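Worksheet: one structure, shown below.
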Number of protein chains: 2
Amino acid sequence: MSKCEQCIVRQFNSLKALSKEELIRISGCKTTRTVKKGEIIFEEGENINGVFCIKDGICKLSKLSANGKDQIVKLVVKGDLLGQRSLVGEESANLSAVALNDMEVCFIPKHEIMNDLQQNSKFSFDVLQQMAKDLKESDDIIVNMAQKSVKQRLAETLIYVYNHFGNNDEGFLDVILSREDYANIVGTATESAIRILSQLKKEGLISTSGKQIKIEDLKGLEHIE
Amino acid sequence: MSKCEQCIVRQFNSLKALSKEELIRISGCKTTRTVKKGEIIFEEGENINGVFCIKDGICKLSKLSANGKDQIVKLVVKGDLLGQRSLVGEESANLSAVALNDMEVCFIPKHEIMNDLQQNSKFSFDVLQQMAKDLKESDDIIVNMAQKSVKQRLAETLIYVYNHFGNNDEGFLDVILSREDYANIVGTATESAIRILSQLKKEGLISTSGKQIKIEDLKGLEHIE
DNA sequence: AACAATATATGATATTTGTCATGTTTTAAC
DNA sequence: GTTAAAACATGACAAATATCATATATTGTT
């Protein structure tokens, strides 16, 4: 089994604040799991009892609303931690996590990491900083949801995906989301998302090939009214 | 000047995790300020360089969106802390804070509290827990914004105000918000908020007297489709 | 008390977004 | 490769919400 102390992914999240001894202890009790595209890592309401460290792949965090639609709240990437909020709040998961492509995920049980969180102030401050960042992002999303049009929100989502995950060799966005996923990020009907993507295509701001999307005019997307 | 060690408000926020010595030190450097209804405590983009502790009163946290409208993200009450997120993230304020009634607010400068945050693990864990709670609330608001109607959101806002701030002697909500404030919480046009309040009145779910609002049928409000 | 400023109320209308229906394309399974 | 299922696309229409106009009520100020 691979070791946390040597895992490069750790550099990108709060685990970097742990000492070598702490890492070795955690490495000894962690489990690693591969998750196929579409599979559930955990579900809303579930007692996750630990923290996930994303070694590879991308997943979505979403919540089922009363009307039966999933709302995607955040995309989580290779290097990110998952489940800290529930751990700290000592609650069951508020959101579900579903893989968007094939993933490799490590799981660190609660009892192993909770001590570090309460006693290693460098580590807990790092977790605190990450959570502060998440909170800012969520607050900004609230403002966007409330004040921007579906078209603007969809354009911003495309830009977000471009900025965070980049393009593949042929210039298409490297993360492939279904139209339904885009709708569930933006908070609109799937048909509306499809319609607006068609519109953006007609306007020359993007082009598509199957599910793949290419950004043709970033400035144009940024300036949608 | 009154002393933090003796301040009852402290019991309601993370400052309760500080030792008597730390509190005395902080008490010595804090400043207290009264803020009149409508006055600004700090503005988005401002460098606040410290934390506010709300001794009395209520304020709104809001952000100006591109279309010129304020979006209210959170109501903050007596006992709450303000500015922790910016402090932890070492950033300027992401939101503006404006008093909704007359307030008394203490200010603790950054350099005094930052040490405690990094070294008193009980304190920083308490701040972390509060932030985890805020993050959960914000994520839930995103879902509501995206998936619920304006009428549902407005009804939920009324219920929220009722649950958190209660009624006055005559049964009216104890916190008085303008119709514009309600619109800015819900993320809609002021006219729409007014219209829906009129509708709720006709349906017998609430009654009003000037700016005052009385909840007549809580269950009814909860079950709006 | 009179006045101006601000907030509330409501109608008419335009715009945005959602829903339902239906057809086409792509993907996955055998 | 064929076929069934899922995803994508688009039209027609309905519903929700925003905008503009205007009237009334409330509040604070002199």
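Owing to the predicted nature of the structure, the values given are computational and were not obtained by experimental measurement.
- The listed nucleotides are dT19(C), dT19(D), dA9(D); the one nearest the side chain of Glu191(B) is dT19(D).
- Side-chain contact between Ile206(A) and Lys214(A) is absent, with no heavy atoms from C-beta onward closer than 4.5 Å.
- Separating the NZ atom of Lys151(A) from the C1' atom of dA18(D) is a distance of 18 Å, rounded to the nearest angstrom.
- For dA18(D), the OP1/OP2 oxygens have a side-chain nitrogen or oxygen of Ser192(B) closer than 4.0 Å.
- Side chains of Lys201(A) and Thr208(A): a donor-acceptor N/O pair is present below 3.5 angstrom, by distance only.
- Summarising the geometry, the separation between NZ on Lys36(B) and P on dG28(D) is reported as 13 Å, rounded to the nearest angstrom.
- With hydrogens and angles left out, the side chain of Arg195(B) and the base of dT19(D) share a donor-acceptor pair within 3.5 Å.
- Side-chain atoms of Asn47(B) and Ser92(B) include no donor-acceptor pair closer than 3.5 Å.
- Gln147(A) has its CD atom 13 Å from the P atom of dT17(C), to the nearest Å.
- Atom CD1 in Ile206(A) sits roughly 9 Å away from atom P in dA9(D) (whole-Å rounding).
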Next item on the list: Check the pair Ile196(B), Gln199(B) against side-chain contact (heavy atoms from CB on, under 4.5 Å), reporting the backbone distance first and the verdict last.
Entry: CA-CA 5 Å; Ile196(B) 290 172; Gln199(B) 215 178 315; 4.1 Å; yes
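- Side-chain contact between Lys133(A) and Lys136(A) is absent, with no heavy-atom pair separated by less than 4.5 Å.
- Between the CD atom of Gln212(A) and the P atom of dT25(C) there is a distance of 19 Å, rounded to whole Å.
- To the nearest angstrom, C1' of dT10(D) lies 14 Å from CD1 of Ile196(A).
- In this structure, Lys211(B) does not reach the dT26(D) phosphate: none of its side-chain N or O atoms is under 4.0 Å from OP1 or OP2.
- For Lys201(A), taking side-chain heavy atoms from C-beta onward, the closest of the listed nucleotides dA9(D), dA7(C), dC8(D) is dA9(D).
- You'll find that the side chain of Ser198(A) is closest to dA9(D), out of dA7(D), dA9(D), dT17(D).
- As a whole-Å value, the separation of Ile194(A) CD1 from dA6(D) P is 16 Å.
- As a whole-Å value, the separation of Gln199(B) CD from dA15(D) C1' is 13 Å.
- When each of Ser149(A) and Arg179(B) is assigned the nucleotide of DNA chain C with its nearest heavy atom, Arg179(B) is the one assigned upstream, toward the 5' end.
- Contacts of Lys148(B) with the nucleic acid, taken as non-hydrogen atoms under 4.0 Å apart, are absent.
- Within the nucleic acid shown, Thr190(A) has no heavy atom closer than 4.0 Å to any nucleic acid atom.
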